[in-house]
Student: 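Sending over a structure as structure tokens; questions will come in a sec.
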Amino acid sequence: MWMPPLYRDFTQQAQIDAQYGTQQWVPDPAAEARHFIERSAFAREHLRCTLDVPFGPTLDETLDIFPADRPDAPVFVFIHGGYWRANTSKEFSCVALGLRGCGVTTVVINYALCPKVRIDEITRQARAAVAWVVRNIEAHGGDPRRIAVGGHSAGGHLAAMCLQTRWAEEYGLPPDPIAAAVLVSGLYDLEPLRYSYLQPLIQLDERTVRQCSPLFAVRPCATPTLVTWGGAESDEFARQAADFHAAWSTAGNRSELTPQAGAHHFSAIHGFEHASSPLCQWVVRSLGDR
């Protein structure tokens, strides 16, 4: 019997869950969780850092700064994933390991989680964190003219939403204060998640889908962007990346679309731990000297 689709060609929740349930595409999800926890603890122990710096009025609105050794260093702001309902900044201190080796100051932001807050509030917090970095990173040795923003999974979504921000009107900043962006395995169209196992926690409605899907709000933007994902991820993650890249490029913006051969959803950000990786080197090239 014919059934109307829930989203695109998907007629059942199980089909959507199979595409967006990230752990089932990973050989050992528990090992990946241990990797991030252990490598992040190593980073906090061995790298100079200032932790839990408040950028907003609530206890969840904090960020961790891993300053480079040189003054006026380029800056990378990382937004973690977890489908907006899991993880903290502390599980992702490890992204500073490779970037600091490149002379980049790294900032890892924390934010409130669903269902305590909704995705539009998390988006506001991510934008507020970036604005704080633009205004304050010079005091921590960073160059406010050379700030890149990056994110993974839900963090890729939030980083993309930062690119859509009306910085001048809402924050009194230059129109495009972000010098580069790295979007890893992001979610750019939230609509399918309304019909997924995540819905009871993230509580999407039509308004939130339209307002908080980066794919539907692309604006002309001077920020060059790398859109990447793991080659071993599901077809939907590949399609989401390709669709956002196409929309970003159609708006006249600069974008590179690069799958990572053999990488799965979690290993797609392992490169941030190694200074010689393509991810770290793209950040360094993009920030350069301004």
Student: Just how far is it from atom CG of N110 to atom NZ of K90, taken to the nearest 0.5 Å?
Tutor: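 Rounded to the nearest 0.5 Å, the CG-NZ separation comes to 6.5 Å.
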Student: To the nearest 0.5 Å, what is the distance between CG on L158 and CD1 on I119?
Tutor: 8.0 Å
Student: Check the pair R239, D243 against salt bridge (charged side-chain N to carboxylate O under 4.0 Å, His left out), reporting the backbone distance first and the verdict last.
Tutor: CA-CA 6 Å; R239 183 194 61 79; D243 284 358; 2.6 Å; yes
Student: Take V75 and V133 through the side-chain contact (heavy atoms from CB on, under 4.5 Å) test and state the conclusion after the steps.
Tutor: CA-CA 9 Å; V75 180; V133 172; 4.2 Å; yes
Student: May I ask you to check whether T58 and E61 show a side-chain donor-acceptor distance below 3.5 Å?
Tutor: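 Yes.
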Student: Between W167 (side chain only) and C162 (backbone N and O only), is there a donor and an acceptor less than 3.5 Å apart?
Tutor: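 Flag set: sc W167 to bb C162 pair under 3.5 Å.
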Student: Keeping to residues at least two apart or across chains, list the ring pair (Phe, Tyr, Trp, His ring centres under 6.0 Å) pairs with something in residues 181-222.
Tutor: Y188-F244
Student: Under 3.5 Å, is there a donor on one side chain and an acceptor on the other for E121 and Q125?
Tutor: yes
Student: Give the intermediate values and the outcome of side-chain contact (heavy atoms from CB on, under 4.5 Å) for residues I109 and V77.
Tutor: CA-CA 7 Å; I109 77 168; V77 181; 3.8 Å; yes
Student: If Ile, Leu, Val, Met, Phe, Trp and Tyr residues are connected whenever their side-chain heavy atoms lie under 4.5 Å apart, and connections chain through other members, are V117 and M161 in the same group?
Tutor: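 No.
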Student: Please round to the nearest 0.5 Å and tell me the distance separating atom CD1 of I16 and atom OG of S196.
Tutor: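 Rounded to the nearest 0.5 Å, the CD1-OG separation comes to 7.0 Å.
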Student: Say whether, by atom type as modelled, one donor and one acceptor occur between the side chain of H152 and the main chain of H265 under 3.5 angstrom.
Tutor: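 Yes.
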Student: Pairing donors with acceptors under 3.5 angstrom, does anything connect the side chains of E91 and T88?
Tutor: yes
Student: May I ask you to check whether Q240 and Y20 show a side-chain donor-acceptor distance below 3.5 Å?
Tutor: yes
Student: With no hydrogens and no angle check, do the side chains of D205 and T208 hold a donor and an acceptor under 3.5 Å apart?
Tutor: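 The answer is yes; a qualifying pair exists.
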Student: When you group the ILVMFWY residues by side-chain heavy-atom contacts below 4.5 Å and let the links chain together, are I37 and L97 in the same group?
Tutor: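 They do not share one cluster, since no chain of ILVMFWY contacts under 4.5 Å joins L97 to I37.
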Student: Name the one of E45, E32, E273 that satisfies salt bridge (charged side-chain N to carboxylate O under 4.0 Å, His left out) with R39?
Tutor: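 The residue from E45, E32, E273 that satisfies salt bridge (charged side-chain N to carboxylate O under 4.0 Å, His left out) with R39 turns out to be E273.
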Student: Any chance you could measure Q203, atom CD, to L193, atom CG, to the nearest 0.5 Å?
Tutor: 14.0 Å
Student: Between atom CD of E170 and atom OG1 of T165, what is the distance when rounded to the nearest 0.5 Å?
Tutor: 7.0 Å
Student: Quick check for you: to the nearest 0.5 Å, what is the distance between D235 atom CG and Q19 atom CD?
Tutor: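 These two atoms lie 5.5 Å from each other.
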Student: Do the rings of F78 and F92 sit parallel, tilted or perpendicular, given the 30° and 60° boundaries?
Tutor: tilted
Student: Can E191 and Y7 be said to form a side-chain contact (heavy atoms from CB on, under 4.5 Å), step by step?
Tutor: CA-CA 7 Å; E191 179 68 17; Y7 173 80; 3.5 Å; yes
Student: Can you establish whether the number of heavy atoms outside R166 located under 6.0 Å from its atom CZ is more than 12?
Tutor: no
Student: Test side-chain contact (heavy atoms from CB on, under 4.5 Å) on I137 and V134 and set out the steps.
Tutor: CA-CA 6 Å; I137 201 61; V134 174; over 6 Å; no
Student: State whether the side chain of R85 and the backbone N or O of P115 hold a donor-acceptor pair below 3.5 Å, judged by distance alone.
Tutor: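 Looks like no, no N/O pair under 3.5 Å.
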Student: Taking R100 for the side chain and P67 for the main chain, is one N or O donor matched with an acceptor at less than 3.5 Å?
Tutor: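 It does hold such a pair.
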Student: Tell me, with the steps shown, if S89 and H80 meet side-chain hydrogen bond (donor to acceptor under 3.5 Å, both in side chains).
Tutor: CA-CA 7 Å; S89 61; H80 74 79; over 6 Å; no
Student: Check for me whether the distance between the ring centres of H157 and W84 falls short of 6.0 Å.
Tutor: yes
Student: Can you confirm whether the side chains of E256 and T225 place a donor and an acceptor under 3.5 Å from each other?
Tutor: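 Side-chain D/A pair, E256 to T225: absent.
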